[in-house]
Amino acid sequence: MTNIYKNLTLCLEQIRQKTEFVPETALVLGSGLNKFTNTIDVVCTIDYHDLTGFPVSTNPMHNGRFIFGYVHKKPIVAMDGRIHYYEGYTMEQVVMPIRLMKMLGAEILVLSNAAGGIRKDLNVGDFMIINDHISSFVLSPLIGENIYELGTRFPDMSHVYNKELNDIIRQCAKKLNIEIKEGVYLQTTGPNYETPAEIRAYQSLGADAVGMSTACEAMTAVHCGFKVCGISCITNKASGMSDEPLSDEDVAIAAAKSSDNFCKLIYQFIGTL
């Protein structure tokens with residue numbers, strides 16, 4: 001048993017001391033998208049800092065807690081705030097919440113994020129289904145001793161984002177009359193935004209949107225057996241795609257403006273599962 005798995009087991013035991021709740025679906029709420037927590041019939045909340053050895057969110061847009069409850073009477077666990085590599089944590093720490101939610105019993109993982117639009121038709125306020133990702137610019141969370149209790153040493157990443165789940169997202173968006181696009185997401189380390197030259201390089205690689213999270217979580221989720229889907233909320237044009245300077249304040253404002261439609265879409269999606 002690896003030290004990472006021992007720590008995860010301890011965190012699991014600490015959660016089980018407070019609740020026996022078993023979720024079916026796990027959600028990671030991206031920057032500015034935590035309004036969805038208002039739709040949850042809450043059973044229990046657990047702050048990250050109450051778990052031994054667990055990383056704590058330092059980004060002010062992330063509250064840093066697990067919320068257990070029901071949506072459409074279906075049991076879910078939501079991360080009200082994620083952990084980012086740029087916060088100074090190891091990649092092993094960054095993906096601890098994903099592994100823990102799988103150990104809690106969840107089978108489906110819904111990832112969301114605020115992202116910069118690289119493709120010209122992706123505008124502020126758009127939603128993009130993630131159909132693939134590029135993770136080559138961040139460390140793999142699977143480096144190091146493999147946790148065989150969770151998954152294989154060399155997991156296949158041919159189909160990270162589940163086609164059936166993506167189809168459901170499209171159907172829900174159509175029913176709600178919410179325009180939705182799709183594309184390839186690229187993760188960088190952050191916390192700095194990218195340079196225009198970097199964005200041009202990412203374009204040449206086939207990236208449609210860029211952000212500072214998600215791909216490492218998706219890889220970890222596939223490793224431990226989740227069915228994965230992801231949605232990016234386009235909160236800005238990527239560097240060099242417009243004359244506007246980039247700031248976290250503008251990202252938060254754009255995400256807040258899109259949050260109502262995001263909540264409707266995810267609420268409908270969970271109800272359809």
Side-chain angles (χ1 to χ4, degrees), residues 1-29 43-59 62-68 75-111 113 133 135-136 138-162 187 189 212-230:
M1 184 184 294
T2 67
N3 288 333
I4 302 168
Y5 191 69
K6 287 179 182 177
N7 195 182
L8 286 167
T9 302
L10 174 59
C11 291
L12 178 63
E13 291 172 354
Q14 291 173 330
I15 290 175
R16 287 293 175 237
Q17 290 172 5
K18 297 183 178 182
T19 180
E20 291 297 322
F21 189 90
V22 178
E24 294 176 356
T25 300
L27 306 172
V28 180
L29 300 175
V43 171
C44 178
T45 63
I46 297 177
D47 290 345
Y48 298 163
H49 69 254
D50 290 335
L51 301 175
T52 302
F54 202 81
V56 178
S57 300
T58 63
N59 185 318
H62 295 257
N63 290 321
R65 58 180 182 164
F66 288 115
I67 299 180
F68 299 88
I76 72 160
V77 56
M79 283 178 65
D80 183 12
R82 61 158 36 99
I83 309 301
H84 300 85
Y85 187 56
Y86 65 70
E87 294 175 84
Y89 293 111
T90 66
M91 193 58 83
E92 290 173 350
Q93 291 174 303
V94 169
V95 300
M96 276 185 71
I98 304 300
R99 287 170 165 159
L100 185 55
M101 291 190 293
K102 186 65 172 67
M103 292 169 69
L104 284 164
E107 297 293 336
I108 292 172
L109 176 65
V110 183
L111 298 167
N113 60 52
H133 72 233
S135 62
S136 306
V138 295
L139 287 173
S140 169
L142 306 179
I143 290 174
E145 186 177 355
N146 186 51
I147 305 175
Y148 284 100
E149 293 89 344
L150 295 179
T152 183
R153 168 79 278 189
F154 301 105
D156 178 31
M157 295 289 159
S158 299
H159 303 285
V160 175
Y161 300 91
N162 186 273
Q187 180 179 351
T189 64
M212 304 173 190
S213 66
T214 305
C216 61
E217 297 162 339
M219 283 190 285
T220 301
V222 169
H223 174 257
C224 63
F226 267 117
K227 290 183 179 179
V228 184
C229 62

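Only heavy atoms go into these numbers, but all of them, side chains included; no hydrogens, no water, no symmetry mates. All of these numbers come straight from a predicted model, not from anything done at the bench.
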To the nearest 0.5 angstrom, please state how far the [atom1] atom of [X] sits from the [atom2] atom of [Y].
X	Y	atom1	atom2	result
E92	T2	CD	OG1	8.0 Å
C224	I147	SG	CD1	9.0 Å
T220	M96	OG1	CE	12.0 Å
L104	L12	CG	CG	5.5 Å

Side chain of [X], backbone of [Y]: donor and acceptor closer than 3.5 Å?
X	Y	result
R16	T19	yes
E87	T58	yes
S57	R82	yes
E24	E107	no
T152	P155	no
Q187	A215	yes

Please name all residues satisfying ring pair (Phe, Tyr, Trp, His ring centres under 6.0 Å) with [X], sequence neighbours left out, ordered by chain then number.
X	answer
Y85	none
H223	none
F66	Y48, F54

Minimal non-hydrogen separation, [X] against [Y], with atom names:
X	Y	result
I83	E217	O-OE2, 4.3 Å
V28	M101	CG2-CE, 4.2 Å
Y89	V94	CB-CG2, 4.2 Å
Y5	E149	CZ-CB, 3.5 Å
P141	R99	O-NH2, 3.8 Å
V22	P75	O-CB, 3.5 Å

Derivation of the salt bridge (charged side-chain N to carboxylate O under 4.0 Å, His left out) call for R65 and D47: CA-CA 4 Å; R65 58 180 182 164; D47 290 345; 5.5 Å; no

N113 versus T214, side-chain donor and acceptor atoms under 3.5 Å: yes

Close aromatic pair by centroid cut-off 6.0 Å: H133 and Y161: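 Yes, the ring of H133 comes within the 6.0 Å limit of the ring of Y161, centre to centre.
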
K18/D50 under salt bridge (charged side-chain N to carboxylate O under 4.0 Å, His left out): CA gap, chis, key distance, verdict: CA-CA 11 Å; K18 297 183 178 182; D50 290 335; 3.7 Å; yes

Side chain proximity check, V138 to M212, heavy atoms < 4.5 angstrom: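 A side-chain contact is absent here, since even the closest heavy-atom pair is not under 4.5 Å.
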
